Amino acid sequence: MKINLIKKYRQMSPAVRTSIWFTICNFLQRGTAFITVPIFTRLLTTEEYGVCNVYFAWFEIFLLITSLKIPYEGLNNGLIRHEEDKDGYTSSAAGLIMVMTLSVGIVYLLFHRQINRITGLSSLIMGLMFVQLFFNSPLMLWTNRERFDFHYRLPAVITLISTILNPVIAVLAVLNTSYRAEARIIASVAVQSFFGLIVLIFLFKKGKLFCKKEYWNFALRFNLPLVFYYISQSILNQSDRIMINYYEGSGKTAIYSVAYSAATIILLLVSAVNGSFNPWMYKRLKAGHLSEVRRTSGVLCLIVAGATLAMSLFAPILVRIMATSDYSQAIWVIPPVASSVFFIFLYMMFANVEMYYNETKGIPLVSIICSAANLLLNVIFIPVYGYVAAGWTTLVCYMLLTLLHYLQMKKACRKHQVNERLFPEKALLMIAASVVLIAFLSLQLYQIMS
């Protein structure tokens with residue numbers, strides 16, 4: 001059996017093996033992040049844990065501003081168009097991101113008091129953020145360049161080492177200082193900067209280009225039109241914690257973050273299911289086997305809905321495992337956030353159909369509408385109902401996102417004359433309604449149990 005598995009693995013194409021290893025790396029990173037939650041909620045106070053989560057939320061937003069996501073779509077498209085000089089394009093992209101990061105850093109120095117008030121972070125922590133921003137993008141550039149060339153061994157090794165080093169160094173740092181939030185952040189910055197510096201030297205040594213006007217122009221022309229889409233996605237993913245910190249402080253942010261971490265563990269299941277279902281669905285769509293897509297999608301939605309139900313019902317037990325009694329109120333956030341993951345899976349299925357038919361023009365607009373709705377709802381309801389409201393605004397916005405993608409998907413099907421239903425729409429509506437109902441009933445169950 002073992003010999004057969006090894007033989008089958010060796011017979012796989014480089015593309016398949018690369019995909020497998022990068023998926024494993026993703027699971028390792030997400031899994032480790034979840035496993036370390038119980039450690040840091042016990043080592044840090046709620047305020048300190050909240051500061052760390054606010055830092056990582058703002059980091060994602062600043063990373064978008066300083067890199068424009070060039071290490072991702074911009075890199076892949078640039079490498080295809082400049083295949084004769086892939087090393088030069090990669091190092092030139094690194095040079096462009098360095099210039100943008102330094103430029104944003106100068107703006108911060110000029111307006112640091114105002115920016116500190118907006119972020120709720122100190123100058124020291126913001127300085128650490130810019131160090132991490134400077135070295136994060138080269139690391140992502142190199143990793144995705146390796147993936148582009150179907151090289152997976154070294155990225156997998158570095159991911160494994162950094163995934164282990166980050167929490168180990170963080171725990172040791174936190175235990176040996178009274179500035180525990182800063183120590184937790186410094187550990188993350190140190191590990192990423194160490195590998196980022198090595199990779200940066202390697203990229204410039206191999207590419208020998210810091211700036212080539214043609215490459216910089218292409219990267220900017222390609223990524224700038226997508227910036228509003230990226231910003232809207234960041235707002236939808238990060239704004240809850242940022243706005244809770246603004247209205248209620250870092251302690252409440254910490255409680256919300258624990259609930260969010262617990263509820264979104266289902267994303268591991270969603271990522272695994274979607275990663276397998278999407279290519280399978282594309283093949284069935286191409287072959288015209290639409291009834292198979294309809295049956296399978298219904299079963300998968302039931303599986304994800306079942307995981308959501310389990311998460312909502314066992315939230316009190318999960319919170320006790322993940323954190324101390326200081327975080328007990330996190331249970332009230334888990335049902336709506338867990339339900340949101342179900343709608344994430346649902347909208348991804350609809351969006352995948354849009355992508356299959358190359359009808360993607362509406363995707364940025366849909367994301368912008370939903371992120372704007374999320375901001376507006378948070379501004380209205382967090383000051384009135386507190387941080388718990390952010391869980392429900394998240395659910396409402398993902399429901400809206402699902403509805404809009406469903407309409408976009410139906411439009412794409414009509415345009416391409418797909419008359420047969422791709423999904424069991426009535427069944428999906430009933431499952432979705434049940435998921436939301438279970439979220440409400442779970443809250444009633446918590447009150448009875450308390």
Side-chain angles (χ1 to χ4, degrees), residues 29-60 120-121 166-167 170-171 174 180-185 187-188 236-270 307-308 310-342 344 378 382 385-395 398 439 442-443 445-447 449-450:
Q29 289 174 320
R30 290 194 180 202
T32 304
F34 177 76
I35 291 168
T36 56
V37 169
I39 298 172
F40 290 114
T41 53
R42 286 166 171 81
L43 291 177
L44 306 172
T45 65
T46 53
E47 287 74 18
E48 290 166 341
Y49 189 70
V51 168
C52 294
N53 279 279
V54 171
Y55 169 84
F56 291 117
W58 275 112
F59 175 81
E60 293 298 325
L121 299 172
N166 197 328
V171 169
V174 168
R180 292 175 294 193
E182 290 82 356
R184 168 71 185 93
I185 293 167
S188 176
L236 200 54
N237 293 330
Q238 309 296 338
S239 66
D240 290 349
R241 277 161 284 190
I242 290 170
M243 295 184 75
I244 291 169
N245 184 65
Y246 179 78
Y247 286 114
E248 298 211 300
S250 58
K252 300 298 185 185
T253 306
I255 295 172
Y256 182 85
S257 297
V258 166
Y260 198 90
S261 296
T264 54
I265 189 176
I266 313 171
L267 279 173
L268 290 172
L269 171 65
V270 168
T308 301
M311 182 62 65
S312 297
L313 291 178
F314 293 103
I317 297 172
L318 189 60
V319 169
R320 281 199 293 271
I321 293 171
M322 291 184 66
T324 63
S325 58
D326 293 335
Y327 296 85
S328 60
Q329 295 301 304
I331 61 172
W332 304 104
V333 182
I334 289 178
V337 177
S339 301
S340 300
V341 178
F342 171 80
I344 289 173
N378 281 337
I382 291 177
Y385 298 103
Y387 66 93
V388 175
W392 293 100
T393 61
T394 298
L395 174 58
Y398 276 116
S442 297
L443 300 180
L445 181 62
Y446 301 161
Q447 287 183 334
M449 292 171 61
S450 60

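These figures come from a predicted structure and were not determined experimentally.
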Closest contact, heavy atoms only, Cys52 versus Leu44: SG-CD1, 4.1 Å
Smallest separation among heavy atoms of Ala254 and Gly50, with atom names: CB-N, 3.4 Å
Main-chain N/O of Ile185 paired to Ser188 side chain as donor or acceptor, under 3.5 Å: no
Residue pairs passing the side-chain hydrogen bond (donor to acceptor under 3.5 Å, both in side chains) test where at least one lies in residues 43-52, sequence neighbours excluded: Thr45-Glu48, Glu48-Arg180
Contacts of type salt bridge (Lys or Arg N to Asp or Glu O under 4.0 Å), residue Glu182, not counting sequence neighbours: none
side-chain hydrogen bond (donor to acceptor under 3.5 Å, both in side chains) partners for Tyr327, two or more places apart: none
Taking every non-hydrogen atom, the tightest pair across Pro335 and Ser312: CA-OG, 3.6 Å
Could you give the side-chain donor-acceptor pairs of residues 316-325 under 3.5 Å, partners two or more places apart or in another chain?
| unit_1 | atom_1 | unit_2 | atom_2 | d |
| --- | --- | --- | --- | --- |
| Thr324 | OG1 | Asp326 | N | 3.4 |

Donor-acceptor pair, side chain of Gln329 and main chain of Ile255, under 3.5 angstrom: no
Partner residues of Asp240 under the side chain to side chain contact (heavy atoms under 4.5 Å, CB included) criterion, sequence neighbours left out: Tyr256, Asn374, Asn378, Ala390, Thr393, Thr394
Contacts of type side chain to side chain contact (heavy atoms under 4.5 Å, CB included), residue Phe59, not counting sequence neighbours: Tyr55, Leu63, Met129, Gln132, Leu133, Asn136, Gln192
Distance (rounded to the nearest 0.5 Å) between Trp332 CH2 and Trp392 CH2: 11.0 Å
Closest approach of Gly391 to Pro336 (non-hydrogen atoms, all atoms of both residues): O-CB, 3.5 Å
Verdict with reasoning, Arg184 to Asn166, per side-chain contact (heavy atoms from CB on, under 4.5 Å): CA-CA 9 Å; Arg184 168 71 185 93; Asn166 197 328; 3.6 Å; yes
Spacing of CD1 belonging to Ile334 relative to OG belonging to Ser442, to within rounding of 0.5 Å: 10.0 Å
Validation row: Tyr387, Thr253 side chains within 4.5 angstrom (heavy atoms): no
Qualifying residues under side chain to side chain contact (heavy atoms under 4.5 Å, CB included), relative to Val171, sequence neighbours excluded: Ile39, Phe40, Leu43, Leu175
Derivation and outcome, side-chain contact (heavy atoms from CB on, under 4.5 Å), residues Val333 and Tyr260: CA-CA 8 Å; Val333 182; Tyr260 198 90; over 6 Å; no
